[in-house]
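This report refers to the structure that appears directly beneath it.
From a predicted model like this one, the values you see are computed outputs, not experimental measurements.
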Amino acid sequence: MEKQLKPMRMHHVGIITPTIEKAEEFLKRWGLEVDYRGYVKAYKADLIFTKYNNDSSPIELIIPDEGSVLKEFNNGKGGIAHVAFEVDDIETWRVHFENQGMKMLEREAVEGTEDIIVNFLRPKYNDGILIELVQTVAPINRNFKKS
């Protein structure tokens with residue numbers, strides 16, 4: 001018997017930018033404030049999350065390192081990569097989708113930043129849109145320093 005799923009809420013929209021300079025230009029263009037920065041080892045990418053307010057979800061700007069699988073996204077130009085939803089139990093959602101014949105990108109959730117784990121529902125099961133599932137596992141580290 002499948003575990004009961006709780007409703008999701010939108011967590012963020014992920015946008016790949018080819019360089020940190022392009023990410024900074026995007027922030028400036030739209031008057032967005034940085035909430036925190038981080039690094040995703042699994043995908044070799046820096047990230048910048050914008051501040052959340054009551055009117056909107058944050059934006060995640062993703063800046064892939066050389067050698068990242070994301071570096072050539074949209075022929076290296078970047079663009080909208082995914083829509084992310086927050087879930088209470090990422091494993092329950094993976095089982096739910098697999099029971100319907102759908103596959104996740106990863107066999108099991110991977111560390112996003114040190115405070116979240118993530119997995120992705122492949123675009124072919126969702127009208128061409130990559131959906132990220134996010135489960136918070138620790139308080140957000142807003143004092144991240146890349147080593």
| said: Going by salt bridge (Lys or Arg N to Asp or Glu O under 4.0 Å), name the residues that satisfy it together with Glu106, two or more places apart in sequence or in a different chain. | reply: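 If we apply the salt bridge (Lys or Arg N to Asp or Glu O under 4.0 Å) test to Glu106, skipping adjacent residues, there are no hits.
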Which heavy-atom pair separates [X] from [Y] by the least distance, and what is that distance?
{"X": "Pro18", "Y": "Gly76", "answer": "CB-O, 3.4 Å"}
{"X": "Ala45", "Y": "Ile62", "answer": "CB-CG2, 3.7 Å"}
{"X": "Gly78", "Y": "Asn74", "answer": "O-ND2, 2.8 Å"}

Original post:
Taking the six-membered ring for Trp, are His96 and Trp93 parallel (under 30°), tilted (30 to 60°) or perpendicular (over 60°)?
Top reply: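 Answer is perpendicular, since the angle exceeds 60°.
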_Looking at Ile20, I want to see if its CD1 is surrounded by more than 12 non-hydrogen atoms of other residues, nucleotides or ligands under 6.0 Å._
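More than 12 within 6.0 Å, yes.
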* Got a sec: does the NZ of Lys71 have more than 12 other heavy atoms crowding it under 6.0 Å? ->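 Counting neighbours around NZ of Lys71, more than 12 heavy atoms of other residues, nucleotides or ligands fall under 6.0 Å, so yes.
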Item checked: Full working for side-chain contact (heavy atoms from CB on, under 4.5 Å) between Asp35 and Thr50 -> CA-CA 5 Å; Asp35 185 10; Thr50 62; 5.9 Å; no
| From CA spacing to verdict: side-chain contact (heavy atoms from CB on, under 4.5 Å), Lys44, Tyr39 | CA-CA 7 Å; Lys44 298 178 185 167; Tyr39 187 79; 3.7 Å; yes
Determine whether a donor-acceptor pair (N or O, by modelled atom type, separation under 3.5 Å) exists between the side chain of Ser68 and the backbone of Tyr43.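 Between the backbone of Tyr43 and the side chain of Ser68 there is a qualifying donor-acceptor contact (under 3.5 Å).
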* Can any side-chain N or O of Gln135 pair as donor or acceptor with the backbone N or O of Ile90 at less than 3.5 Å? ->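 Yes, because the side chain of Gln135 sits within donor-acceptor range (under 3.5 Å) of the backbone of Ile90.
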ask   = Going by atom types only, do His11 and Glu132 share a side-chain donor-acceptor pair under 3.5 Å?
value =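 No - no donor-acceptor pair under 3.5 Å links their side chains.
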Could you walk me through whether Met8 and Leu133 pass the side-chain contact (heavy atoms from CB on, under 4.5 Å) check?
CA-CA 9 Å; Met8 293 186 242; Leu133 301 181; 4.0 Å; yes
Item to check | side chain to side chain contact (heavy atoms under 4.5 Å, CB included) partner of His12, chosen from Val134, Val83, Leu47, Ile59 | outcome: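 Result: among Val134, Val83, Leu47, Ile59, Val134 is the only option passing the side chain to side chain contact (heavy atoms under 4.5 Å, CB included) with His12.
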Within this structure, what is the [atom1]-[atom2] distance for the pair [X] and [Y], rounded to the nearest 0.5 Å?
{"X": "Leu61", "Y": "Thr17", "atom1": "CG", "atom2": "OG1", "result": "5.5 Å"}
{"X": "Ile131", "Y": "Asn119", "atom1": "CD1", "atom2": "CG", "result": "12.5 Å"}
{"X": "Leu130", "Y": "Tyr125", "atom1": "CG", "atom2": "OH", "result": "13.0 Å"}
{"X": "Phe73", "Y": "Ile80", "atom1": "CZ", "atom2": "CD1", "result": "8.5 Å"}

Among pairs that include at least one residue of residues 76-93, which meet salt bridge (Lys or Arg N to Asp or Glu O under 4.0 Å), considering only residues two or more places apart or in two chains?
->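 Checked against salt bridge (Lys or Arg N to Asp or Glu O under 4.0 Å) - neighbours excluded - the pairs reaching residues 76-93 are Lys3-Asp89, Lys6-Asp88, Arg9-Glu86, Glu91-Arg94.
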Would you say that [X] contacts [Y] through its side chain, given a criterion of any heavy-atom pair below 4.5 Å between the two side chains?
{"X": "Thr136", "Y": "Ile116", "value": "yes"}
{"X": "Leu105", "Y": "His82", "value": "no"}
{"X": "Ile48", "Y": "Glu24", "value": "yes"}
{"X": "Leu121", "Y": "Phe85", "value": "no"}

